[in-house]
J.: 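Below you'll find the structure I mean.
Small disclaimer: the values here were computed from a predicted structure and weren't measured.
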Amino acid sequence: MQTIRGFRDILPGRIGLWQKVEKEASRLFEAFGFKEIRIPVLEKTELFARSIGETTDIVEKEMYTFDDRKKDKLTLRPEATASIVRSYIQHKMYADNPIRKFYMTGPMFRRERPQKGRYRQFYQIDVEVFGVASAYIDSQLIYLLHNLFKNLGLTGLSAHINSLGCPECRPAYQKTLLNFLEAKKDLLCENCRRRMSKNPLRILDCKAQTCQDAIKNAPAILDNLCDECDNHFKIVKTTLEKQNVDFIVNKTLVRGLDYYTRTAWEIQTTSLGAQSAVAGGGRYDKLVKELGGPDTPAIGFAIGFDRLVEVMEQLNIEPLEPGLDLFIIAMGNEAMDKAYHWSCNINQNGLRSETDFQGKSLKSLMKKANKLNAGHVLIAGDKEVKENAFILRNMETKEQVIINGDSLLADLINILKKQ
RNA sequence: GUGGGUGUAGCUCAGUCGGUAGAGCACCAGGUUGUGGCCCUGGUGGCCGCGGGUUCAAAUCCCGUCACUCACCCCA
C-alpha cells in the first residue's frame, strides 16, 4: 500500500519548518488583527464553478469532483477564497460588522500532474479581508507577506504587482486588446486563440515564445485604467515604497482566476524551477455580490505552504526542533515505576521529559539520551533506589549531582526550569 | 493531458558481457560487569517498485503497470 499519486505524508522528522511557519504566521496575523477561521474541505461544486470561473483550468480539468449518495455534486476545495466568501455570506457576517479579516491554513486539492513544488494535496496559508475598499489594505497585505517571509529568514524573493482594472475600465480595455490581437491572430498558439473568446487577458501571460513575440507591443491594462483604478494602484505603490517593500510592476501578471479586480500580485522565487509562485493574491471586489451577498469589496492572498517549506530547506533555514529537558534512565522494575511517575509529573510542569521502558543497558540508554538531544539525564538504577539518591547528569558539561529521593521532583523541576 | 529521466537495504548509491546482490551512513550488540558524542570489531536488515514475457538462467533484455522526478500546460 502506498499514498496515491501526488499525495504525501509529512513525517515528524521534517515537520519542524512547517511548525515554524505556522507559529510565525499566526503570531504576525493576530498582531494585525486577523482571526483564524476553519472551513470545510468539501463544498458543492457550484460554489467553485461560480467563483473561480467555469472556463478556468482549475474548474475545467483539475477539480476532484464526485456525486455523493444523494447525487449532489461535491468538490474537494481547490482553493480557500470561495469557501470563506461563502461562509461570510452564509453567516451574514456583514450584518454587525462588515469588516472582517481572516486567516487559515489547510489542504487544497487539484488534480494536476505532480512535479517539484506541486502536489495534488497541497497546503495553503490563506488570508482574506472583507469590507475594505481602500488601497491601503492592498498594500498592507503585501507588506504582511513581505514581513512574514523576512521574519522567517527568506531571501531571493520578489514581489510582482499589477492592476487588472475593474468593470468600469476592463471591458473597454479588452476591446482594445482584442483589436490588437485580431491582427496577430495567426501568430498565436492554439491555446491562446481559444483564449481570445474566453479570457483574452490570459494571453498576456502565455509562456510560448511565439506568443510573447506577438504581443510584445500589446496595449497594457495598466495604461488603460480608469481614474479610480489608476489612483488606487498609485496608492498601493507609494505606500509600499514608503515601507521599503521592494516590488516589480509586471504588466503581464494576470493570474488564473476570474474573480480578480484591480490589484493582483505574486511573490516569486527562482529556486523551485518552473513553480515560481510562492504566494499570490488579489482584490476581488465583485465576488461577494456575485455569490449572493451584499456588494462588498474584498481582497486576499494564499501562500503555497509546501513550496515555502521547500524554499526554506534550500536556504538551510533552521527548523523548529524542541529538544528534551530530561531523559530518565531507569534500570530495574522499581526504578522504572518511579521514573514513569516522575516523567509524567515533570511533563505536567511544562518541561519535556521522556523515559525508556525497554530495560536496556546504561550505555545504550545514554546513547539514546544523546540522540534525543537531552539537556539532562537522571540515572536511576538499583543502587540509587536503595540509597534513595539519584544522579542528575548535565549532558553538555558532564557535571553530575546527587539528588535526594525525598525532594527529587521539586529539585529537578527547579534545576531544569533554570536552564 | 503531452514529452524525457529514474525505481536495488531505513537513507544515499554501486552492481561489468544475463550466472541468483554490495558499499557508506543509519540501526543493534560488544570493546568498558553502570555513563553519550570519537574510534575499533561484529551483527540485523533485500519479493532488485509490481505483473507478465524471452532464456537453461533476469536486478540486468522486452512489454505492461504503479510511483517518483524534470519540462510543457497551469498554478500556490
Side-chain angles (χ1 to χ4, degrees), chain A residues 1-8 11 13-14 52 55-63 77-81 105-127 145 189-192 194-195 199 202 205-209 211 253-257 264-269 272-282 300-311 327 329-332 335 358 360-384 391-400:
Chain A
M1 288 292 278
Q2 56 183 6
T3 49
I4 55 179
R5 180 168 220 195
F7 287 66
R8 58 179 186 157
L11 303 176
R14 298 191 64 184
I52 296 168
T55 62
T56 57
D57 280 14
I58 292 178
V59 172
E60 272 186 347
K61 51 193 193 202
E62 293 174 2
M63 295 201 306
R77 63 182 183 202
E79 56 115 43
T81 303
T105 298
M108 308 295 158
F109 304 85
R110 291 183 203 172
R111 218 198 104 91
E112 299 174 272
R113 189 90 177 250
Q115 76 188 66
K116 190 177 212 49
R118 188 170 75 190
Y119 308 96
R120 289 181 170 185
Q121 173 173 334
F122 61 103
Y123 294 79
Q124 286 190 336
I125 300 171
D126 205 80
V127 165
L145 269 172
C189 69
E190 200 182 320
N191 228 326
C192 282
R194 210 166 51 94
R195 283 171 176 151
N199 191 348
R202 294 284 298 288
D205 208 23
C206 185
K207 307 287 189 301
Q209 192 56 48
C211 294
L253 179 72
V254 171
R255 304 191 51 71
L257 284 56
W265 73 92
E266 232 169 60
I267 310 292
Q268 298 189 2
T269 172
L272 289 181
Q275 307 306 318
S276 59
V278 183
F301 66 76
I303 299 169
F305 205 152
D306 309 68
R307 288 181 187 176
L308 177 59
V309 168
E310 274 163 40
V311 173
F327 185 72
I329 292 177
M331 291 168 289
Q358 291 182 91
K360 296 188 148 195
S361 72
L362 177 61
K363 178 175 176 169
S364 89
L365 290 174
M366 283 298 291
K367 278 189 180 174
K368 182 166 182 179
N370 190 55
K371 204 162 50 191
L372 292 171
N373 209 358
H376 286 80
V377 165
L378 185 75
I379 299 171
D382 291 338
K383 185 178 148 209
E384 287 76 18
I391 302 169
L392 181 67
R393 178 181 176 89
N394 181 319
M395 291 296 277
E396 204 164 333
T397 65
K398 301 186 178 182
E399 278 177 283
Q400 299 195 160

J.: Send over the distance from A:Leu365 CG to B:U32 C1', rounded to a whole Å.
T.: 16 Å
J.: Please state the P separation for the pair B:A58 and B:U20 - nearest whole angstrom.
T.: 11 Å
J.: Could you state the CZ-C1' distance from A:Arg77 to B:C75, rounded to the nearest angstrom?
T.: 17 Å
J.: Specify the residue among A:Glu62 and A:Gln115 whose closest nucleotide of RNA chain B lies further upstream toward the 5′ end.
T.: A:Gln115
J.: Please report, rounded to the nearest Å, how far the C1' atom of B:A76 is from the CD1 atom of A:Ile52.
T.: 13 Å
J.: Between C1' on B:A76 and CD on A:Gln268, what's the gap in Å once rounded to a whole number?
T.: 12 Å
J.: Which range-with-range stems can be found for RNA chain B when each stem has 3 or more Watson-Crick or G-U pairs in a row and both distances sit under 3.5 Å?
T.: B:1-7 with B:66-72, B:10-13 with B:22-25, B:27-31 with B:39-43, B:49-53 with B:61-65
J.: Heavy atoms under 4.0 Å, any strand shown: does A:Thr56 hit a base, just sugar-phosphate, or nothing?
T.: nothing
J.: Identify each atom pair where a protein N or O and an N or O of nucleotides 33-41 of chain B are less than 3.5 Å apart, giving names and distance.
T.:
unit_1 : atom_1 : unit_2   : atom_2 : d
B:G34  : O6     : A:Lys383 : N      : 3.3
B:G34  : O6     : A:Glu384 : OE1    : 3.4
B:G34  : N1     : A:Glu384 : OE1    : 2.9
B:G34  : N1     : A:Glu384 : OE2    : 2.8
B:G34  : N2     : A:Glu384 : OE2    : 2.7
B:U35  : O2     : A:Arg393 : NH1    : 3.3
B:U35  : O2     : A:Gln400 : OE1    : 3.1
B:U35  : N3     : A:Gln400 : OE1    : 2.9
B:G36  : O2'    : A:Asn370 : ND2    : 3.3
B:G36  : N7     : A:Arg393 : NH2    : 2.9
B:G36  : O6     : A:Arg393 : NH2    : 3.0
B:G36  : O6     : A:Met395 : O      : 3.2
B:G36  : N1     : A:Met395 : O      : 2.3
B:G36  : N2     : A:Asn370 : OD1    : 3.1
B:G36  : N2     : A:Met395 : O      : 3.2
B:G36  : N3     : A:Asn370 : OD1    : 3.1
B:G37  : O4'    : A:Asn370 : ND2    : 3.0
B:G37  : O6     : A:Lys398 : NZ     : 3.1

J.: Is the shortest side-chain N/O distance from A:Lys116 to OP1 or OP2 of B:U69 below 4.0 Å?
T.: no
J.: Any stacking of A:Phe305 on B:A76, going by centres under 5.5 angstrom and planes within less than 30 degrees?
T.: no
J.: Counting distance only, does the side-chain N/O of A:Arg8 pair as donor-acceptor with the main-chain N or O of A:Phe122 below 3.5 Å?
T.: no
J.: In whole Å, what separates the P atom of B:G46 from that of B:A23?
T.: 15 Å
J.: Compare all side-chain heavy atoms of A:Asp382 with those of A:Met331 and state whether any distance is below 4.5 angstrom.
T.: no
J.: Side-chain donor or acceptor of A:Glu112 under 3.5 Å from a matching atom on the base of B:A76?
T.: yes
J.: Once you apply a heavy-atom cut-off of 4.0 Å, does A:Ala369 come out as touching a base, just sugar-phosphate, or nothing?
T.: nothing
J.: For A:Tyr119, which contact category applies under a 4.0 Å heavy-atom criterion: base, sugar-phosphate, or nothing?
T.: base
J.: Side chain of A:Arg5 only, heavy atoms from C-beta on: which candidate in B:A76, B:A71, B:C68 is closest?
T.: B:C68
J.: In whole angstrom, give the distance that lies between atom CD of A:Glu60 and atom C1' of B:C75.
T.: 15 Å
J.: In chain order, what residues pass the salt bridge (charged side-chain N to carboxylate O under 4.0 Å, His left out) check against A:Glu384, with sequence neighbours excluded?
T.: none
J.: Per the atom types in the model, does the base of B:C75 pair as donor or acceptor with the side chain of A:Arg307 at under 3.5 Å?
T.: yes
J.: Looking for any heavy atom pair under 4.0 Å, which part of the strands does A:Gly6 touch: base, sugar-phosphate only, or nothing?
T.: sugar-phosphate
J.: Please give, in whole Å, the distance from B:U69 P to A:Asp306 CG?
T.: 12 Å
J.: With a 3.5 Å distance limit and no angle check, can you tell me whether A:Arg393 reaches the backbone of A:Val377 through a side-chain donor-acceptor pair?
T.: no
J.: Which residues pass the side-chain hydrogen bond (donor to acceptor under 3.5 Å, both in side chains) test with A:Arg120, sequence neighbours left out?
T.: none
J.: For A:Arg113, what residues pass the side-chain contact (heavy atoms from CB on, under 4.5 Å) criterion, not counting sequence neighbours?
T.: A:Arg5, A:Arg118
J.: Categorize A:Arg8 for me: base, sugar-phosphate, or nothing, with a 4.0 angstrom heavy-atom threshold over every strand shown.
T.: nothing
J.: A:Asp126: which residues meet the side-chain hydrogen bond (donor to acceptor under 3.5 Å, both in side chains) condition with it, sequence neighbours left out?
T.: none
J.: Who passes side-chain hydrogen bond (donor to acceptor under 3.5 Å, both in side chains) against A:Gln121, sequence neighbours left out?
T.: A:Tyr123
J.: Take a 6.0 Å sphere around CZ of A:Arg14 and say whether it holds more than 12 heavy atoms from other residues, nucleotides or ligands.
T.: no
J.: Within this structure, what is the CG-to-C1' distance between A:Leu11 and B:C11, rounded to whole angstrom?
T.: 13 Å
J.: Quick one: A:Arg255 CZ to B:C75 C1', roughly how many Å, whole number?
T.: 8 Å
J.: What interatomic distance, in whole Å, is found between C1' of B:G22 and the corresponding atom of B:G45?
T.: 13 Å
J.: Return no unless some side-chain N or O of A:Arg118 is found under 4.0 Å from OP1 or OP2 of B:C70.
T.: no
J.: Not counting sequence neighbours, which residues clear side-chain contact (heavy atoms from CB on, under 4.5 Å) with A:Lys360? List them please.
T.: A:Gln358, A:Ser364, A:Leu365
J.: Among residues at least two apart in sequence or on other chains, which ones pass ring pair (Phe, Tyr, Trp, His ring centres under 6.0 Å) with A:Phe305?
T.: A:Trp18
